[in-house]
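Written below as structure tokens is the structure these notes are about.
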Protein chains: 2
Amino acid sequence: MESAAQLFHEQGVHRTSLAEVAERAEVPLGNIYYYFKTKEELLGAVLERRITEVRETLDSFEQKRTPQARLKALPQQWNAMSELVVRYGCPLGGLSFELGKCPGNLEGKPEALFGPVIDWAEAQFRQLGRRDARDLAFSLLARIQGAALLAQSFRDPGILAREGRQIDRWIDGLR
Amino acid sequence: MESAAQLFHEQGVHRTSLAEVAERAEVPLGNIYYYFKTKEELLGAVLERRITEVRETLDSFEQKRTPQARLKALPQQWNAMSELVVRYGCPLGGLSFELGKCPGNLEGKPEALFGPVIDWAEAQFRQLGRRDARDLAFSLLARIQGAALLAQSFRDPGILAREGRQIDRWIDGLR
DNA sequence: GTCTATAAGATGATAGAC
DNA sequence: GTCTATCATCTTATAGAC
């Protein structure tokens with residue numbers, strides 16, 4: 001699963017063959033099928049893993065004292081992995097994008113990836129007294145995801161850093 | 001090329017076989033290879049098409065009188081095709097994302113897609129007297145691309161519409 | 001230029017020995 | 001549970017008739 005998660009991020013789900021996953025995991029190809037009946041099932045497992053990661057990250061922000069500090073921690077999270085983002089794009093955004101296209105049993109999953117982030121950010125903005133908290137939550141995540149895509153396109157982590165600073169200023173200026 | 005552009009957008013480049021392109025274009029498979037030596041060459045042609053489209057769209061904004069009006073026309077452009085965006089994501093963002101991952105001769109092309117948009121937006125912000133015009137240009141495009149991804153993920157064109165309105169307010173509040 | 005047939009290789013998936 | 005061998009299918013690309 002770790003190998004699959006990495007390769008799906010690096011190359012995309014469809015460009016990644018199970019042979020490659022097996023090779024990186026240093027197991028024979030046939031072995032994979034003992035644990036996952038199909039490639040789609042492996043993808044589903046990787047997805048669940050990512051969703052859990054997201055929840056854990058959001059939970060870790062709760063130790064920050066103010067809503068502003070918690071909100072600023074979100075773009076900071078992408079900044080911390082800007083090298084990966086520049087090379088392969090955002091792991092969440094990439095999965096979401098691919099799943100949004102291909103039909104199948106994982107149809108509703110992109111929502112499961114971003115939904116928790118939106119709900120969490122909405123709660124923070126609401127603590128700031130904003131009635132348009134949900135709109136602001138979408139704005140915040142949109143800016144991060146967009147900045148990640150541009151950083152990848154231009155191969156420039158500075159884009160992510162600068163957009164992070166713009167977001168900081170925006171959050172400080174709210175109320 | 002039209003069929004390829006459509007299918008690359010709908011399914012992604014790698015999930016699309018040349019047989020599918022041929023079928024939609026109602027030509028035999030072998031015929032494609034008379035015009036394009038490889039699939040990558042066809043992709044390159046589709047890319048050039050997209051780049052031309054972008055330039056034409058930006059040119060069409062020049063008839064608007066104020067920089068504010070021109071800038072607001074940009075998110076409006078995505079809003080106008082929100083149905084397509086919700087189903088298959090942003091055509092530019094999708095191409096950029098896929099190209100950013102797979103190595104090859106089309107390495108530098110994502111920049112060729114978004115670069116003109118950034119330069120154009122930077123010029124508009126500069127006409128508004130902003131010294132941080134380039135940062136604002138990245139912010140604007142990031143918000144649009146991010147909103148497109150979220151609209152696709154949540155299957156909700158309203159996300160694109162609401163983020164458009166937020167951007168309008170932001171642009172009006174500048175200076 | 002257009003079309004059919006097919007080669008060459010990759011890929012998802014399975015069978016069955018150990 | 002693990003591993004090898006292999007099937008069936010799909011995909012890029014080419015050869016060659018028309």
Side-chain angles (χ1 to χ4, degrees), chain A residues 1-50 88-89 91 94-110, chain B residues 1-50 88-89 91 94-110:
Chain A
M1 278 179 53
E2 172 63 23
S3 300
Q6 282 177 18
L7 284 163
F8 288 173
H9 178 212
E10 292 171 17
Q11 308 184 328
V13 178
H14 301 109
R15 272 185 68 87
T16 300
S17 71
L18 291 177
E20 287 173 297
V21 174
E23 191 190 355
R24 181 167 302 192
E26 292 177 279
V27 297
L29 169 61
N31 204 328
I32 294 179
Y33 285 96
Y34 181 77
Y35 295 95
F36 306 98
K37 270 196 274 291
T38 65
K39 184 180 181 182
E40 194 182 29
E41 207 170 291
L42 173 59
L43 173 56
V46 168
L47 242 154
E48 290 301 330
R49 243 176 82 106
R50 293 281 185 202
Y88 310 119
L95 266 182
S96 220
F97 181 76
E98 280 200 86
L99 290 175
K101 293 201 170 184
C102 85
N105 301 335
L106 289 68
E107 196 80 55
K109 289 293 175 180
Chain B
M1 278 178 52
E2 172 64 23
S3 300
Q6 282 177 20
L7 284 164
F8 287 173
H9 178 213
E10 293 170 18
Q11 310 184 326
V13 177
H14 301 109
R15 271 184 68 85
T16 300
S17 70
L18 291 176
E20 288 173 297
V21 174
E23 191 190 354
R24 180 166 300 192
E26 293 178 281
V27 296
L29 169 62
N31 203 329
I32 294 179
Y33 285 95
Y34 181 77
Y35 294 96
F36 305 99
K37 271 196 273 287
T38 65
K39 185 181 180 181
E40 193 182 31
E41 205 170 294
L42 173 59
L43 173 57
V46 168
L47 242 155
E48 288 301 330
R49 245 176 79 108
R50 294 281 185 202
Y88 310 118
L95 266 183
S96 221
F97 181 76
E98 281 201 84
L99 290 175
K101 292 200 172 187
C102 86
N105 301 334
L106 289 67
E107 196 79 55
K109 288 294 176 178

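It should be emphasised that the depicted structure is a prediction, and the values quoted were computed from it without experimental measurement. The chains referred to below are lettered A, B, ... by the order of the sequence lines, with proteins before strands, and numbering in each begins at 1.
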>> Checking contacts here: which listed nucleotide (D/dT12, C/dA13, C/dT4) is nearest the side-chain heavy atoms of B/Pro28?
In response: C/dT4
>> What is the separation between atom OH on A/Tyr33 and atom P on D/dT6, rounded to the nearest whole Å?
In response: 18 Å
> What's the CD-P distance between B/Glu20 and D/dT11, to the nearest Å?
Replying inline: 6 Å
> Mind checking whether B/His9 and B/Arg50 have side chains closer than 4.5 Å, heavy atoms only?
Replying inline: yes
> Quick one: A/Asn31 CG to D/dC3 P, roughly how many Å, whole number?
Replying inline: 6 Å
> Between D/dC10 atom C1' and B/Leu29 atom CG, what is the distance in whole Å?
Replying inline: 12 Å
>> Nearest whole Å is fine: how far is C/dT11 P from A/Leu42 CG?
In response: 15 Å
> Can you name the nearest heavy-atom pair linking A/Val21 to A/Leu42, along with the distance?
Replying inline: CG1-CD2, 4.5 Å
>> With a cut-off of less than 4.0 Å, is there a side-chain N or O of A/Tyr34 near OP1 or OP2 of D/dG1?
In response: yes
> Which salt bridge (Lys or Arg N to Asp or Glu O under 4.0 Å) pairs, counting each pair once, include a residue from residues 18-41 of chain B, with sequence neighbours left out?
Replying inline: B/Glu10-B/Arg24
> Please give, in whole Å, the distance from D/dT11 P to B/Phe36 CZ?
Replying inline: 20 Å
>> In whole Å, I'd like the distance from the CZ atom of A/Arg15 to the C1' atom of D/dT12.
In response: 13 Å
>> Rounded to whole Å, please give me the gap between NZ in A/Lys37 and P in C/dA15.
In response: 13 Å
> With nearest nucleotides of DNA chain D determined for B/His14 and A/Tyr35 from heavy-atom distances, which residue corresponds to the more 5′ nucleotide?
Replying inline: A/Tyr35
>> Just verifying a value: how many Å separate B/His14 NE2 and A/His14 NE2, rounded to the nearest 0.5 Å?
In response: 11.0 Å
